[in-house]
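Written out below as structure tokens is the structure these notes cover.
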Number of protein chains: 2
Amino acid sequence: MQQAFVLSSRITAFSSPQSSVNRSFPSHTPTRLYQEGGGGRVSASVQDKKVLEKTNTSNKNGKAQQEPPEKLDTNPPKGTRDFYPEDMRLRTWLFDQWREVAKTYGFSEYDAPVLESESLYTRKAGEEVTQQLYNFVDKGDRAVALRPEMTPSLARMVMAKKGGLNLPLKWFSIPQCWRYERMTRGRRREHFQWNMDIWGVSGEEADAELLSAMVTFFRNVGLTSDDVGIKINSRLVIGEVLTELGIPPEKFAATCVLVDKLEKVPLDAIQGDLEELGLDRSVVEKLTQVLTVKSVDGIKEVLGEESQAVKQIKKLLHLCQAYGIDDWIIFDASVVRGLAYYTGVVFEAFDRKGVLRAIAGGGRYDKLLETFGGDPTPAAGFGFGDAVIVELLKDRELLPSFESTGIDTVVFAMGEGTHPAAINVAKCLREAGQSVDLVLENKKAKWAFKHADRLGAKFCAIIGSEEYANNEVAIKNLHLGEQTTVPIGNLSTWARESKLGEEC
Amino acid sequence: MQQAFVLSSRITAFSSPQSSVNRSFPSHTPTRLYQEGGGGRVSASVQDKKVLEKTNTSNKNGKAQQEPPEKLDTNPPKGTRDFYPEDMRLRTWLFDQWREVAKTYGFSEYDAPVLESESLYTRKAGEEVTQQLYNFVDKGDRAVALRPEMTPSLARMVMAKKGGLNLPLKWFSIPQCWRYERMTRGRRREHFQWNMDIWGVSGEEADAELLSAMVTFFRNVGLTSDDVGIKINSRLVIGEVLTELGIPPEKFAATCVLVDKLEKVPLDAIQGDLEELGLDRSVVEKLTQVLTVKSVDGIKEVLGEESQAVKQIKKLLHLCQAYGIDDWIIFDASVVRGLAYYTGVVFEAFDRKGVLRAIAGGGRYDKLLETFGGDPTPAAGFGFGDAVIVELLKDRELLPSFESTGIDTVVFAMGEGTHPAAINVAKCLREAGQSVDLVLENKKAKWAFKHADRLGAKFCAIIGSEEYANNEVAIKNLHLGEQTTVPIGNLSTWARESKLGEEC
């Protein structure tokens with residue numbers, strides 16, 4: 001089985017261990033996973049055109065040119081993944097864990113199209129998420145994009161209801177998100193991302209509730225605060241520094257995006273961005289200086305007793321204590337996140353070993369709806385990708401095994417003419433709640449047992465014509481190696497008891 | 001709440017009640033659902049460019065032009081759907097039903113990227129599915145497409161493993177599939193489709209197993225063989241007629257696609273296709289004549305005693321009897337399905353009232369892998385869309401209600417300073433397995449009860465400072481209207497008992 005998630009990420013160029021990432025895509029860190037399906041393979045579109053031309057010709061002439069076609073490139077498109085059953089079981093397990101936490105916190109699931117209008121994402125703050133948009137013009141001349149993140153779709157959906165939704169709302173989703181970037185090879189272009197959002201609550205109570213949900217997930221999958229920490233900060237810190245320096249408010253978003261980049265690249269490397277933004281180098285230096293402060297008291301010293309930023313952070317920390325999650329939380333003024341729309345509290349979950357990219361991130365985005373022309377509506381949320389968490393869980397050996405298919409019984413007709421009887425047995429076991437694989441071919445018993453073993457089945461029911469004439473079925477317990485005979489009339493009871501036995 | 005699925009389909013132009021559809025998309029029948037998000041709205045890409053230019057200018061000049069932005073078009077892209085929580089609960093319910101049947105039959109879930117190489121779909125048989133491809137050229141000059149159907153991706157995945165997969169395999173998936181068609185306005189461009197496939201079994205045992213799985217789904221959701229029938233046929237019928245008429249085998253696929261169209265449009269309307277295919281009008285007339293035969297004996301009269309087609313159909317009918325699903329099955333030689341790759345048995349589930357489009361369809365496609373340059377591998381499967389089945393279930397009043405959020409308890413802090421206590425209560429109830437909505441704002445009790453009612457919650461826990469000082473919480477049963485007081489220490493027990501009471 002191909003593994004969808006491969007543990008091999010190490011931080012490379014342009015990416016510090018504390019690297020900040022967008023709410024959408026993790027940045028700048030190729031993993032082996034990201035390289036699968038990329039690299040040196042021949043472009044599918046080029047290779048396959050030949051195949052098509054041939055097929056084409058053959059069809060048009062109406063001649064039976066029996067020349068075998070050239071082989072299809074069997075890789076999924078560059079940067080994307082196939083999910084074979086074992087990979088899919090891992091994905092389903094992870095999604096179930098996410099859904100379980102969302103349910104515990106009373107969040108409702110929603111979804112939106114993977115394809116959206118490009119305009120939903122066109123922000124001019126220089127974010128990676130918009131620079132790497134997987135956009136194109138469709139046949140109807142519409143500028144569209146495969147969504148790079150879910151929040152703009154959520155904002156669109158909220159706005160579409162024009163006050164018809166009762167606030168506050170607590171919604172979650174697990175969208176597949178896409179990106180396209182030309183420069184670097186071998187990075188993945190899609191991931192799944194758990195999104196949890198609260199709309200209509202302006203207080204830090206919402207941010208704390210989100211942080212608590214995130215911690216509940218970590219705890220449920222067996223991680224502790226020794227494995228994972230969550231850095232918190234508020235963009236009000238940057239806001240207050242900028243105000244003090246006389247920088248106009250409309251430069252706030254772009255400055256935050258720039259500051260986020262400073263985490264990963266040297267100041268010189270983004271000199272151009274700096275100039276375009278019209279920010280003095282001294283302003284940036286002042287900002288970086290403030291953001292290296294690692295304590296709330298330290299920030300208070302810079303921003304003063306009456307600082308809203310300080311009050312906000314203190315309140316959030318206080319709430320985290322009430323939730324009993326304070327051992328997971330660390331104040332870190334350098335965390336600003338790379339998305340333009342955050343306005344207040346921002347946070348980022350990280351691997352305490354400092355090896356992996358950020359695990360999840362989010363924050364408050366009270367002004368997003370206004371930028372779309374909607375009414376001011378407070379909102380906060382987080383995005384939590386499927387890649388880094390699986391790397392972490394593998395590293396900590398916390399992933400269950402996904403080898404077994406979960407099939408209870410393989411039903412196998414031995415000899416000619418017994419298939420209808422096997423159908424009947426399979427039907428009976430299925431109606432009793434079992435997961436049954438019915439062998440659909442004439443096979444030897446040896447094959448059937450090997451097949452059942454491969455599937456990880458618990459039982460093999462063998463339908464022999466003699467036994468069946470006696471209204472009996474031989475059942476082998478594959479875990480214990482024991483074989484018993486069950487009367488057809490008792491099959492249903494046997495099946496139910498075998499399921500119960502498993503639950504107890 | 002917006003409804004994602006709307007019951008309103010009536011057959012219109014170009015679509016007979018027995019209209020055949022592709023395994024991918026239902027054809028030619030606009031429903032109200034399909035019109036949502038389409039029709040007369042201004043193109044999002046055009047409208048929003050104005051917004052962007054403005055924002056742009058304001059950013060570049062660095063001036064605070066406080067002019068409010070023009071409103072975003074809040075519709076999802078043309079032909080796509082948003083899933084608000086209530087719609088999503090319906091979708092989740094449907095997917096769970098599908099997954100449950102797949103599990104019962106021992107099928108394993110898989111997935112592939114929604115974006116594939118265009119070449120995966122470029123077949124020249126004139127199918128609607130390839131004519132309406134949602135394809136585009138990406139920034140890397142690759143010809144790609146949003147998948148119109150899942151089978152080619154499955155074939156690619158099987159081929160990629162080069163015999164590394166143990167056959168037979170029984171896999172299922174629930175992909176979102178896309179189409180793009182320029183001509184008709186107001187049709188939906190995406191749907192979700194349950195796919196069940198068996199690879200490696202050449203006998204009709206596989207086809208019968210698939211039909212049985214489909215019937216199990218219908219039964220599980222409360223439909224009977226009075227509501228739904230499944231027409232079965234074999235493409236060997238057409239094959240044998242063509243051979244007899246001396247038509248070369250490479251015209252088989254395109255002829256089948258053409259015959260499928262004949263179900264929906266008059267012969268004259270596809271005169272061009274006919275000529276391009278080089279088929280005599282008399283051949284088509286002979287075919288149509290054979291295909292109007294509605295009994296196996298009738299077909300036997302035409303094709304003779306030794307016909308493989310007749311043997312195949314008889315065997316399939318015999319197996320359906322063994323499964324006990326024969327009351328659902330009807331032989332109908334006119335069913336050929338619109339996909340080029342089918343080679344043998346084909347089938348199509350339909351509404352007995354004859355009002356709706358086809359509910360599901362599938363068949364055998366033993367040569368698909370060869371057309372990709374792979375080894376010959378027998379395969380069969382079906383596709384089952386999410387639109388028509390929901391229309392049918394609504395019409396038969398078989399859909400459960402999706403109004404309630406499933407939340408157990410709303411936890412509400414009454415008065416100043418009690419929020420930390422409310423956090424504690426919520427935490428306790430959540431740990432005991434409840435789904436809890438914690439009120440995150442200062443609100444009046446009246447609001448909290450109304451809020452709990454809107455969510456369809458069962459209980460409201462009210463944290464008053466006095467009661468909490470006495471280590472007690474007031475809990476109102478919103479269904480019964482009764483209020484009790486529970487000691488904090490007993491909350492966990494109360495929560496578990498309230499969940500148990502519900503299950504009994």
Side-chain angles (χ1 to χ4, degrees), chain A residues 43-45 48 52 56 59 62 64 69-72 74 76-77 80 82-85 88 103-104 106 108-115 117 119 122 124 136 139 142-144 156-157 159-160 166 180 201 205-206 209 248 250 278 322-323 372-373 405 407 420 423 430 435-437 440-441 454, chain B residues 43-45 48 52 56 59 62 64 69-72 74 76-77 80 82-85 88 103-104 106 108-115 117 119 122 124 136 139 142-144 156-157 159-160 166 180 201 205-206 209 248 250 278 322-323 372-373 405 407 420 423 430 435-437 440-441 454:
Chain A
S43 155
S45 56
D48 298 330
L52 295 171
N56 232 343
N59 275 351
E70 277 181 51
K71 276 203 183 176
L72 188 86
T74 58
T80 68
D82 288 327
F83 288 86
Y84 285 86
M88 192 68 191
K103 191 185 159 199
T104 300
S108 294
E109 191 167 0
Y110 71 99
D111 197 12
V114 66
L115 197 71
S117 290
S119 54
T122 320
K124 292 292 167 187
F136 61 94
K139 294 172 182 174
R142 282 177 189 78
V144 291
R156 181 181 60 64
M157 285 175 68
M159 200 168 137
N166 292 305
Y180 191 100
V201 179
E205 287 80 4
E209 177 87 345
E250 70 273 12
Y323 276 101
F372 287 160
T405 55
I407 287 170
I423 287 175
R430 283 166 177 165
S435 170
V436 173
D437 178 79
L440 301 166
E441 299 159 286
R454 272 195 219 112
Chain B
S43 155
S45 56
D48 297 331
L52 295 172
N56 232 343
N59 276 352
E70 277 181 50
K71 276 201 181 179
L72 189 87
T74 58
T80 67
D82 288 326
F83 289 86
Y84 285 86
M88 192 66 192
K103 191 186 159 197
T104 299
S108 294
E109 191 166 0
Y110 71 99
D111 197 12
V114 67
L115 196 72
S117 290
S119 54
T122 319
K124 292 293 166 187
F136 61 94
K139 295 174 183 173
R142 282 176 189 80
V144 290
R156 180 180 60 66
M157 284 173 69
M159 199 169 138
N166 291 305
Y180 192 100
V201 180
E205 287 80 3
E209 177 87 345
E250 71 273 13
Y323 276 101
F372 288 159
T405 54
I407 287 170
I423 287 175
R430 284 166 177 165
S435 170
V436 173
D437 178 78
L440 302 166
E441 299 159 285
R454 274 196 218 110

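Residue numbering restarts at 1 for every chain, and letters A, B, ... go by the order of the sequence lines. All values reported here derive from a predicted model rather than from experimental measurement.
Taking chain A as the reference chain and counting heavy-atom pairs below 4.5 Å, the highest number among B/Glu441, B/Lys139, B/Glu205 is found for B/Lys139. For the set A/Thr405, A/Val201, A/Leu115, A/Thr104, the entry with the most heavy-atom pairs within less than 4.5 Å of chain B is A/Thr104. Heavy-atom pairs under 4.5 Å with chain A peak, among B/Gly106, B/Ala322, B/Ala112, B/Pro420, at B/Gly106. The most heavy-atom pairs under 4.5 Å with chain B, out of A/Pro113, A/Gly278, A/Ala160, come from A/Pro113.
When heavy atoms are compared at a cutoff of 4.5 Å, A/Glu209 approaches chain B solely by way of its side chain, counted from C-beta outward. If you measure heavy-atom distances from B/Arg454 to chain A, the contacts under 4.5 Å come from the side chain alone. Only the side chain of B/Ile407 comes within contact range of chain A, judged by heavy atoms closer than 4.5 Å.
Nearest heavy atom pair, residue A/Ala206 against residue B/Leu440, reads CA-CD1, 3.8 Å. Shown here for A/Ser117 and B/Pro77, the closest heavy-atom pair between the two residues is N-CG, 3.9 Å. Taking every heavy atom of both residues into account, B/Arg142 and A/Tyr180 meet most closely at NH1-OH, 4.2 Å. Here the shortest heavy-atom pairing between A/Arg430 and B/Tyr323 reads NH1-CE2, 4.5 Å.
Note: A/Asp111 CG to B/Tyr84 OH = 12.0 Å, rounded to the nearest 0.5 Å.
No donor-acceptor pair under 3.5 Å is formed between the side chain of A/Ser108 and the backbone N or O of B/Pro85.
With sequence neighbours left out, A/Arg156 forms a salt bridge (charged side-chain N to carboxylate O under 4.0 Å, His left out) with A/Glu116, B/Asp82.
Aromatic rings of B/Phe136 and A/Phe136 (six-membered ring for Trp) have centroids within the 6.0 Å cut-off, being under it.
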